[in-house]
Amino acid sequence: MTTLAILTAAGSGTRLGRDLPKALVDLAGFPLVLHAARRLAASGVVDSLVVTCPPGLAVEVGELVAHDPQVGLPVRAVEGGSTRQASVAAGLRLAAADVDVVLVHDAARPLAPPGLVRRVVAAVRQGHAAVVPGLPVVDTVKRVVPASPDAVTRAEGPLAERVVETPDRGLLRAVQTPQGFDRAVRVRAPEAGARRADAEHLAATDDAGLVEALGLPVHVVAGDDAAMKITTERDLLVAGLLAEEES
Ligand code: CTP
Ligand code: MG
């Protein structure tokens, strides 16, 4: 029984807008990818890592992670693809034959704590083939459609979308990574992505969405605020405070 974590770090970080890939941006003295790798390793339930790296940086990022004494796991690095889904697929291709559980985790969630990693892996090992961490949603969420094209259009003023549904907030979860999978199920999941056009938007950010598209059950375990995703400078500031609190 072996658990492989695919750490996705190949994105460019357009929304952060720095002159280096987001995974290499500094947080409290270390690059995001290293924070994420250290916490995966500290969980004690991950046996090896595959890091998906920005174009041309596989050697550099691979060595950074592999040589970190706090990681201490076998590390392989691979160049990612043009989408997150393509990067995960590249990582999956490096999974050794004995891997039976696959975690997919974003370097963009550098402070996801070891306890969260253990919770996800434990749920997979208990027989749930696809597991995502999720948090209650604090905002009321509306489903909208674009305003009808023949609606009276004004020269000024905000473009209003039309609300078509207000889902029961108590039944919504905002999902995070790491997401955990029975290896055989995750390997089959891209088939669903290829078959169903509507799986494409799920694939961009959420591996479990592909498993859902296969018609297989996905389960949610409790997420953790510390697993927040870094998208903007503001997120980086908040994560900096969390990292300080932690140390
Ligand atoms: N990712 C990846 N390969 C891609 C795109 C994204 O491995 N082709 C990774 C990112 O490195 C990140 C995670 O997927 O850890 C989530 O993606 P996101 O937060 O969107 O990061 P970026 O794509 O780098 O940011 P942006 O969308 O602002 O460019
Ligand atoms: Mg992106």
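For reference, positions follow the sequence shown, starting with 1. Atoms within a ligand are numbered from 1 in the order they appear, just like the ligands themselves.
At least one heavy atom of Lys229 sits closer than 4.0 Å to an atom of ligand 1. At least one heavy atom of Thr52 sits under 4.0 Å from some atom of ligand 1. The shortest heavy-atom distance from Ala10 to ligand 1 is under 4.0 Å. Using 4.0 Å as the threshold, Ala107 has a heavy atom nearer than that to some atom of ligand 1.
Neither the backbone nor the side chain of Thr231 has any atom closer than 4.0 Å to an atom of ligand 1 (non-hydrogen atoms only). With a 4.0 Å cut-off on non-hydrogen atoms, Ser82 touches ligand 1 through its backbone and not its side chain.
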Exercise. Stepwise, does the side chain to side chain donor-acceptor pair (under 3.5 Å) test hold for Arg39 with His35?
Worked result: CA-CA 6 Å; Arg39 285 164 179 77; His35 280 284; 3.2 Å; yes
Problem set entry | side chain to side chain donor-acceptor pair (under 3.5 Å) assessment of Thr2 paired with Asp47 | CA-CA 6 Å; Thr2 306; Asp47 300 294; 4.7 Å; no
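Where the criterion is an N or O separation shorter than 3.5 Å, residue side chain and backbone included, Leu16 fails it with respect to ligand 1.
Phe181 CZ to Leu92 CG: the interatomic distance, rounded to the nearest 0.5 Å, is 9.5 Å.
For atom 18 (P) of ligand 1, the candidate residues are Lys22, His105, Gln85; the nearest heavy-atom contact is made by Lys22.
The cluster map of Ile, Leu, Val, Met, Phe, Trp and Tyr, joined by side-chain heavy atoms under 4.5 Å apart, puts Leu20 and Phe30 in the same cluster.
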